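The structure under discussion appears below in the form of structure tokens.
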Amino acid sequence: MIEGYTDFPDEDELMQEEGEVVYSLCWDSGVPGAGADCELIYSWKGQYVVCLSYDVNRPAYPSLIEAIMGAELNFVNDATTEIESTELSSEQIIPLLAIDINSDLHELTINREDWEVDKQGNFTRIVYDS
């Protein structure tokens with residue numbers, strides 16, 4: 001053992017350094033206490049590892065879609081603000097999503113594009129006049 005060195009990186013630290021975030025779902029409750037956060041999926045060592053803000057378990061899946069569905073990171077509600085993926089396009093993400101919103105329309109960002117969704121799950125890309 002190297003003297004004076006006892007702090008070896010744990011598996012989470014290695015994953016964050018060596019892995020790549022390939023999917024994130026961010027939310028903001030707008031309520032103090034409940035807060036805001038992002039749930040992440042890493043590509044690491046040939047698997048897709050789910051990192052949830054509220055759970056220390058790190059389940060791994062063989063595919064990104066299995067990880068999204070298995071971790072239930074496909075639910076959009078009024079707190080959902082952003083979904084981003086380096087491996088899936090917006091058009092590939094949208095059919096995976098389950099919608100549970102209270103408002104008539106909800107705006108969110110998917111892969112840096114602004115979208116709105118209605119209660120029936122119909123998505124429309126927001127195009128701004130320049």
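Throughout, residue positions are numbered sequentially from 1 according to the sequence presented. Note that this is a predicted model, so its numbers are computed, not measured.
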Linked, directly or transitively: L96 and V22 (ILVMFWY side chains, under 4.5 Å): yes
hydrophobic_cluster_shared for M69 and I41, side chain cutoff 4.5 Å: yes
Within this structure, what is the [atom1]-[atom2] distance for the pair [X] and [Y], rounded to the nearest 0.5 Å?
X	Y	atom1	atom2	answer
E107	T80	CD	OG1	13.5 Å
I93	I68	CD1	CD1	6.5 Å
L97	L25	CG	CG	8.5 Å
E84	S90	CD	OG	9.0 Å
Q92	S85	CD	OG	8.0 Å
W44	C51	CH2	SG	9.5 Å

N77 and F75: CA distance, side-chain angles, deciding distance, side chain to side chain contact (heavy atoms under 4.5 Å, CB included) verdict: CA-CA 7 Å; N77 61 30; F75 287 97; 6.0 Å; no
Ignoring hydrogens and geometry, is there a side-chain-to-backbone donor-acceptor pair from [X] to [Y] under 3.5 Å?
X	Y	value
T124	E116	no
Y23	L73	yes
S29	G35	yes
N111	L88	yes
K119	D100	no

Non-neighbouring partners of I94 that pass side chain to side chain contact (heavy atoms under 4.5 Å, CB included), sequence neighbours left out: I110, W115, F123
Side chain to side chain contact (heavy atoms under 4.5 Å, CB included) against D114, all qualifying residues, sequence neighbours excluded: T109, I126, Y128
CD1 (I65) with more than 12 external heavy atoms under 6.0 Å: no
Minimal non-hydrogen separation, E39 against S53, with atom names: OE1-N, 2.5 Å
Over all atoms of both residues, closest heavy-atom pair of S43 and Y48: CB-CE2, 4.1 Å
Other cluster members, V127 - Ile/Leu/Val/Met/Phe/Trp/Tyr, side-chain contacts below 4.5 Å: none
Check against side chain to side chain contact (heavy atoms under 4.5 Å, CB included), I83 and V76: CA-CA 9 Å; I83 298 171; V76 171; 4.1 Å; yes
